[in-house]
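Beneath this line is the structure, given in structure tokens, with notes to follow.
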Amino acid sequence: MKYIVIFSTMIFIMVSRYKINHSAKNKGIKGEKEVNRILRSLPWNKYIVIDDIMVKSDSGLKYTQIDHIVVSTYGIFVIETKNYNGRVFGAENSGYWYQNVNGKFVKFRNPIKQNYAHIMGLKKFLNIKMECFISIVAFSDQCELEIDSYDNCNVVNFKNLKKNIKSYNKIVIEESNLISIRDKIYKYNISSSKARNKHSKIVQRKVEREKPYIIRCPHCGGRLVKKKGKYGYFKGCRNFPECRFTSDF
């Protein structure tokens with residue numbers, strides 16, 4: 001009986017993880033399709049849209065997978081898509097950002113740094129100056145963004161993506177070079193399904209190893225502690241009253 005219970009528990013955990021991962025994957029695909037639709041509405045004679053590219057990486061992973069690339073005379077736009085909801089906040093140079101959904105905080109890798117790795121992967125074989133690359137992180141319109149940055153770090157909602165791209169109007173790449181840039185990107189693209197599946201599993205394992213919920217205040221860095229209030233228990237910042245951050249369990 002003991003072994004049956006253990007086995008049943010293991011099956012339940014595996015099924016639960018599959019459902020969560022499958023749901024997250026479907027949500028990500030839906031977001032990428034929405035961004036693709038927006039990008040395809042750009043003037044076709046000025047912008048070349050490329051989706052789902054995987055190239056060799058200089059970072060810790062062997063490959064880096066890029067959601068969208070737009071090649072134009074105004075630069076090469078490298079776009080990371082995040083189909084999140086709730087409130088997202090973070091800083092341009094921090095390691096992690098945080099998503100608040102109904103009082104629960106989940107941390108995720110800083111997508112600006114994530115997109116920088118994508119750009120470096122492209123730059124390695126395109127041999128184009130860094131200033132010709134434009135990083136954009138696009139979040140769902142259901143997401144409220146609160147990002148601290150020292151400069152325009154191009155973190156936008158889907159609805160502002162097209163406007164953001166078209167705000168760049170200085171020619172930095174000769175028009176005669178656009179087709180060769182596109183062809184080179186396709187040439188270095190890793191299309192093998194085996195390599196892509198292996199890369200996805202490695203990324204997923206890396207994400208699962210990271211602790212999903214925060215234990216420190218995202219505002220001041222103080223430790224979160226359990227407190228009891230009028231309506232029950234909650235998490236509060238140890239630096240209260242200087243910092244009044246709170247979170248539900």
Side-chain angles (χ1 to χ4, degrees), residues 17-18 20-40 42 44 47-72 75-84 95-97 108-140 153-156 158 161 164-165 173 177-210:
R17 283 185 177 180
Y18 172 80
I20 292 169
N21 293 337
H22 189 68
S23 175
K25 185 177 180 180
N26 286 341
K27 191 175 181 181
I29 291 172
K30 185 178 179 181
E32 288 173 18
K33 284 183 177 179
E34 174 63 17
V35 169
N36 178 264
R37 183 190 64 78
I38 295 168
L39 297 178
R40 297 290 174 183
L42 290 165
W44 64 269
Y47 301 91
I48 300 172
V49 180
I50 305 171
D51 300 305
D52 192 18
I53 294 294
M54 192 168 85
V55 297
K56 289 184 178 180
S57 172
D58 282 338
S59 65
L61 297 176
K62 186 176 181 180
Y63 302 114
T64 185
Q65 196 159 4
I66 307 166
D67 293 335
H68 310 278
I69 303 169
V70 178
V71 180
S72 75
I76 300 174
F77 299 88
V78 182
I79 302 162
E80 174 67 19
T81 300
K82 298 293 184 186
N83 193 20
Y84 291 2
Y96 289 91
W97 288 7
F108 60 97
R109 286 185 299 160
N110 181 341
I112 295 177
K113 292 188 175 184
Q114 187 179 357
N115 218 26
Y116 178 77
H118 296 162
I119 290 172
M120 295 308 292
L122 291 172
K123 185 178 182 298
K124 185 175 181 180
F125 64 82
L126 287 179
N127 293 320
I128 292 176
K129 293 179 181 179
M130 195 65 185
E131 53 263 35
C132 293
F133 290 94
I134 301 159
S135 173
I136 301 178
V137 180
F139 281 87
S140 162
C153 59
N154 287 344
V155 179
V156 299
F158 289 175
L161 176 58
N164 183 263
I165 291 173
I173 299 175
N177 292 333
L178 299 185
I179 299 300
S180 63
I181 292 172
R182 179 203 65 186
D183 292 345
K184 192 172 282 189
I185 291 172
Y186 280 126
K187 177 183 176 182
Y188 283 88
N189 176 44
I190 309 295
S191 58
S192 165
S193 57
K194 183 178 179 180
R196 283 173 172 262
N197 289 336
K198 185 177 180 180
H199 174 72
S200 295
K201 289 178 181 178
I202 291 172
V203 171
Q204 187 59 42
R205 284 199 297 268
K206 186 175 181 181
V207 170
E208 288 177 354
R209 282 198 301 266
E210 296 170 349

Side-chain touch Ile128/Ile181, heavy atoms, less than 4.5 angstrom: yes
Closest heavy-atom pair and its distance - Ser135, Asn154: O-CB, 3.1 Å
Distance (rounded to the nearest 0.5 Å) between His199 NE2 and Arg196 CZ: 9.0 Å
Candidate pair Trp97 and Ile112, rule side chain to side chain contact (heavy atoms under 4.5 Å, CB included), full reasoning: CA-CA 10 Å; Trp97 288 7; Ile112 295 177; 3.7 Å; yes
Plane angle bin for Tyr84 and Phe139 - parallel if under 30°, tilted between 30 and 60°, otherwise perpendicular: perpendicular
Phe158 to Ser140 - nearest heavy-atom pair and separation: CE2-N, 3.6 Å
Heavy-atom donor-acceptor pair, Asn189 side chain to Met54 backbone, under 3.5 Å: yes
Worked check of side chain to side chain contact (heavy atoms under 4.5 Å, CB included) between Ile136 and Val70: CA-CA 11 Å; Ile136 301 178; Val70 178; over 6 Å; no
From Lys129 atom NZ to Ile76 atom CD1, the distance as rounded to the nearest 0.5 Å: 13.5 Å
Interatomic spacing from CD1 in Ile50 to CD1 in Ile185 - rounded to 0.5 Å: 4.0 Å
Worked verdict on Phe77 versus Leu42 for side chain to side chain contact (heavy atoms under 4.5 Å, CB included): CA-CA 13 Å; Phe77 299 88; Leu42 290 165; over 6 Å; no
Heavy-atom pair with the smallest gap, counting every atom of Phe133 and Leu122: CE2-CB, 4.0 Å
Contact summary for Tyr116 and Met130, nearest pair of heavy atoms: CE1-CE, 3.5 Å
pair Tyr47-Leu39: side-chain heavy atoms closer than 4.5 Å: no
Minimum-distance pair of heavy atoms, taken over all atoms of Ala195 and Ile190: CB-CG2, 3.9 Å
Rounded distance [0.5 Å steps], CZ in Phe108 versus NZ in Lys82: 7.0 Å
Full working for side chain to side chain contact (heavy atoms under 4.5 Å, CB included) between Ile179 and Ile48: CA-CA 9 Å; Ile179 299 300; Ile48 300 172; 4.1 Å; yes
Within-4.5 Å side-chain heavy-atom neighbours: Asn83 and Ile29: no
Under 3.5 Å: donor-acceptor pair, side chain of His118, backbone of Gln65: yes
Contact check, side chains of His68 and Glu32, non-hydrogen atoms, under 4.5 Å: yes
The single option from Asp51, Thr81, Asp67 passing side-chain hydrogen bond (donor to acceptor under 3.5 Å, both in side chains) against Asn36: Asp51
Atom of Glu80, atom of Pro111 and distance for their closest heavy-atom approach: CG-CB, 4.4 Å
